[in-house]
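To keep things clear, I will list the structure first and then write my remarks on it.
All figures in this text were calculated on a predicted structure; none of them were measured in a lab. Reminder, nothing fancy here: chain letters follow the sequence lines and each chain counts from 1.
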2 protein chains.
Amino acid sequence: MDTRHMRIFVALAETLHFGQAAARMNMSQPPFSRQISSIEKTLGVRLFDRNSRNVSLTLAGRHFLADCRRVLADFDTACRDVQLVANGVKGELRLGFMMHAAHSIIPALVRRYSEAKPDIHLILEESIPTDIDTMLIEGKLDIAVTFGSPYAPHLRTHRLARDRLCLIAPADHPLAAAEIVGPRDLRGEKLIAAPASVVPVLRAAIGIYCAAGGVVPHFAFEPRLQHTIIRLVQEGLGVALIPQSLCTGLGPAVIAKALVNAPEFDVVLCAPTTSRNPAVATLFELVESWDMGNASTRNA
Amino acid sequence: MDTRHMRIFVALAETLHFGQAAARMNMSQPPFSRQISSIEKTLGVRLFDRNSRNVSLTLAGRHFLADCRRVLADFDTACRDVQLVANGVKGELRLGFMMHAAHSIIPALVRRYSEAKPDIHLILEESIPTDIDTMLIEGKLDIAVTFGSPYAPHLRTHRLARDRLCLIAPADHPLAAAEIVGPRDLRGEKLIAAPASVVPVLRAAIGIYCAAGGVVPHFAFEPRLQHTIIRLVQEGLGVALIPQSLCTGLGPAVIAKALVNAPEFDVVLCAPTTSRNPAVATLFELVESWDMGNASTRNA
DNA sequence: TCCATTCGATACTTCCTCGGTATCAATCCG
DNA sequence: CGGATTGATACCGAGGAAGTATCGAATGGA
């Protein structure tokens, strides 16, 4: 028994006529008749009552017809689905992203992608940039939104936005009144920043910025989350350099100031070049076509 | 694509080794390899990543594996179920029965049969004897419990019980005090009985019994249901001849009396000899083995 | 009542598919 | 560097499946 036998059986069960059923199966009547008796012989079950004038289903045949229809439908969808998965229109995509992106890029990205590929189940993994990198390498993520690294040949990357650091300080801090803020102004300030093990790109940018003014930064606190940093600044415990995209809704206790020659960095979509998930390519296609439509409006 | 291809695919997906998978399919490696590439070519989807040393599933392959397992399981159960239906261990059985049987025979019959054939769905149809006869002929019922007719060559019948008529009368009725009741005692009585169109066997029995005493029966009321008959007798509206099996729990207002030469009749299980439902035979087998076990205890 | 038509079953032939054997190519291990 | 393992390829032979021709039974109309 295989699915062809089932289709032959269904054809006869639906027409109750050997000749017409054979025609539907694109074969002539004699081999069709043989196949029917072969099916009945293999199953050991009489599926049709037939004299030389009439054909009708037995009770067992009626039950079998219902089963066959269901099995054949499942069979066909399985064969179709595997192609959809291979073409990236079906399946699942494990998307990692850092906290920053959750507020600026991820919501729109997820919405647009879900609309474009409704049959791809998006699995969202919020994490810190270093973990995202390792999860991409280990294959625990298919694709991620994170900071762009200067050199990452094993990753296919696409810039989603360009962000820059700005200073936030308590409203009553001396720097809050300064006209412009440069690296030298950070001398002696208690800095608050996430540790390098969490966001190496940001830490490196802060370090380079300070060094440009000949300043050795003094990190008073090193919480992991940017929101914790903002809270600590609100409490007057220091100043911080954070991405501009996070400088909204800070409240009255904190002011944000642009920096002279502010360090810039990319927020990118990236995935291993070795990725075997076809859905990865479709997400890249989406963000690329997205840029195409409104190239200038997407910078932070 | 057919199920054999799916089994070949599953074999390789589970072993990830062409040689072992081929052995599991009882074939040698070269044709097995050919089948795999044939499958991939037909679907147009690469299911395995393989270099000459390692085999691994692609993402599409993983999805397809899950689908194939489900489809194959459904396929196999469909092929098995059709045999079960043909052998009468699975399917459905439309069992008709008259009201009388609902109190004496049906409960035990249903319980025993459900235990013996748990995969047969019993559809119970309570009806009146004449309707049961026509529904059996029209194929709306597979089998029924009803009164035995003297001549019914188109039906396979098996006697389940032998019942007899007895008299019920209001407790204050003169006949309630009689020592024995015979047909002559019914002269002038208001009889209550179901019409011949509902239970021809009972009406015929009553008519013959009265005729034996030279009495022309006077039917005061002709309700369809035996319980209505009993209620009317309770209200003092007449007397009735009803099956002995119904003479339990009549209440204090009614007394039941045995009749001299009481008319007897069979309660039978019957099905059309032309029935195509294999479950019919299994129910006959059950009641026959049932009699075998306790032949003497089953008479009413 | 008889003949024509319809429909499913059977006999025989042909062809194609599928599996087996032998072999090759690439990779891994000692 | 050589043997062993593993998958791919080439070729051959057998079995099965489809097609053609035909038969037999049943129905319906003249």
Side-chain angles (χ1 to χ4, degrees), chain A residues 1-62 64-65 68 72 75 79 274 276, chain B residues 1-62 64-65 68 72 75 79 274 276:
Chain A
M1 280 294 298
D2 62 11
T3 49
R4 174 171 172 77
H5 289 132
M6 276 195 176
R7 291 184 210 281
I8 288 175
F9 164 73
V10 171
L12 182 57
E14 290 180 347
T15 62
L16 295 179
H17 187 290
F18 279 72
Q20 297 170 22
R24 185 198 287 194
M25 294 299 295
N26 295 314
M27 58 196 289
S28 59
Q29 174 261 321
F32 186 90
S33 293
R34 267 200 309 267
Q35 291 290 2
I36 291 290
S37 30
S38 153
I39 293 169
E40 290 184 326
K41 188 180 172 187
T42 323
L43 293 177
V45 173
R46 190 147 196 83
L47 298 171
F48 296 96
D49 287 320
R50 50 188 183 282
N51 48 46
S52 37
R53 206 66 192 173
N54 290 311
V55 178
S56 64
L57 278 168
T58 63
L59 183 79
R62 266 196 295 279
F64 195 48
L65 174 60
C68 284
L72 288 177
F75 181 88
C79 293
T274 59
R276 298 279 78 211
Chain B
M1 281 294 297
D2 62 11
T3 50
R4 174 169 173 78
H5 290 133
M6 277 195 174
R7 291 184 210 280
I8 288 176
F9 163 74
V10 170
L12 181 58
E14 289 180 349
T15 61
L16 293 178
H17 187 292
F18 278 72
Q20 296 171 22
R24 184 197 287 194
M25 294 298 295
N26 296 313
M27 58 195 289
S28 59
Q29 173 262 320
F32 185 89
S33 293
R34 266 201 310 266
Q35 291 288 5
I36 291 290
S37 29
S38 152
I39 294 169
E40 290 184 325
K41 188 179 171 188
T42 322
L43 293 177
V45 172
R46 191 147 194 83
L47 298 171
F48 296 96
D49 287 320
R50 50 187 184 282
N51 47 47
S52 37
R53 207 66 194 173
N54 290 310
V55 178
S56 65
L57 276 169
T58 63
L59 183 80
R62 265 197 296 280
F64 195 48
L65 175 60
C68 285
L72 288 177
F75 181 88
C79 293
T274 60
R276 298 282 77 210

Below the 4.0 Å mark, does [N] have OP1 or OP2 next to a side-chain nitrogen or oxygen of [X]?
X       : N      : answer
A:Ser28 : D:dA18 : no
A:Ser33 : C:dA9  : yes
B:Arg50 : D:dA8  : yes

Go through [options] for me and flag the one nearest to the [X] side chain.
X       : options               : value
A:Pro30 : D:dA21, C:dG20, C:dG8 : D:dA21
B:Gln29 : D:dA18, C:dG20, D:dG7 : D:dG7
A:His17 : C:dG20, C:dG8, D:dA18 : C:dG8

Nearest atoms (heavy-atom pairs only) where B:Met25 meets B:Ile8: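 What the structure gives for the nearest pair is CE-CG1, 3.7 Å.
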Aromatic ring pairing B:Phe18/B:Phe32, orientation class (parallel under 30°, perpendicular over 60°, tilted between):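 If you compare the ring of B:Phe18 with that of B:Phe32, the planes turn out perpendicular.
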Specify the separation, in whole Å, of atom [atom1] of [X] and atom [atom2] of [N].
X       : N      : atom1 : atom2 : answer
B:Phe18 : D:dA8  : CZ    : C1'   : 9 Å
B:Met25 : C:dC18 : CE    : P     : 13 Å
A:Met27 : C:dC15 : CE    : P     : 18 Å
A:Ile36 : C:dC7  : CD1   : P     : 17 Å
B:Phe32 : D:dT9  : CZ    : C1'   : 17 Å
B:Arg46 : D:dG7  : CZ    : P     : 13 Å
B:Lys41 : D:dT9  : NZ    : P     : 12 Å
A:Asp49 : C:dA9  : CG    : P     : 12 Å

Sidechain-backbone polar pair: A:Gln35 side chain, A:Arg4 backbone, donor-acceptor under 3.5 Å: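 Here the side-chain-to-backbone pair does not exist.
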Check: B:Gly19 main-chain N/O paired with B:Gln29 side-chain donor or acceptor under 3.5 Å: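 Side chain of B:Gln29 to backbone of B:Gly19: no pair is present.
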A:Arg34 (side chain) and C:dG8 (base): donor-acceptor pair under 3.5 Å: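 Per atom types, no contact qualifies.
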Trace of the side-chain contact (heavy atoms from CB on, under 4.5 Å) decision for A:Arg24 with A:Glu14: CA-CA 11 Å; A:Arg24 185 198 287 194; A:Glu14 290 180 347; 2.7 Å; yes
Sugar-phosphate only, base, or nothing, as touched by A:Gln35 at under 4.0 Å among non-hydrogen atoms: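 Sugar-phosphate, no base atom in range.
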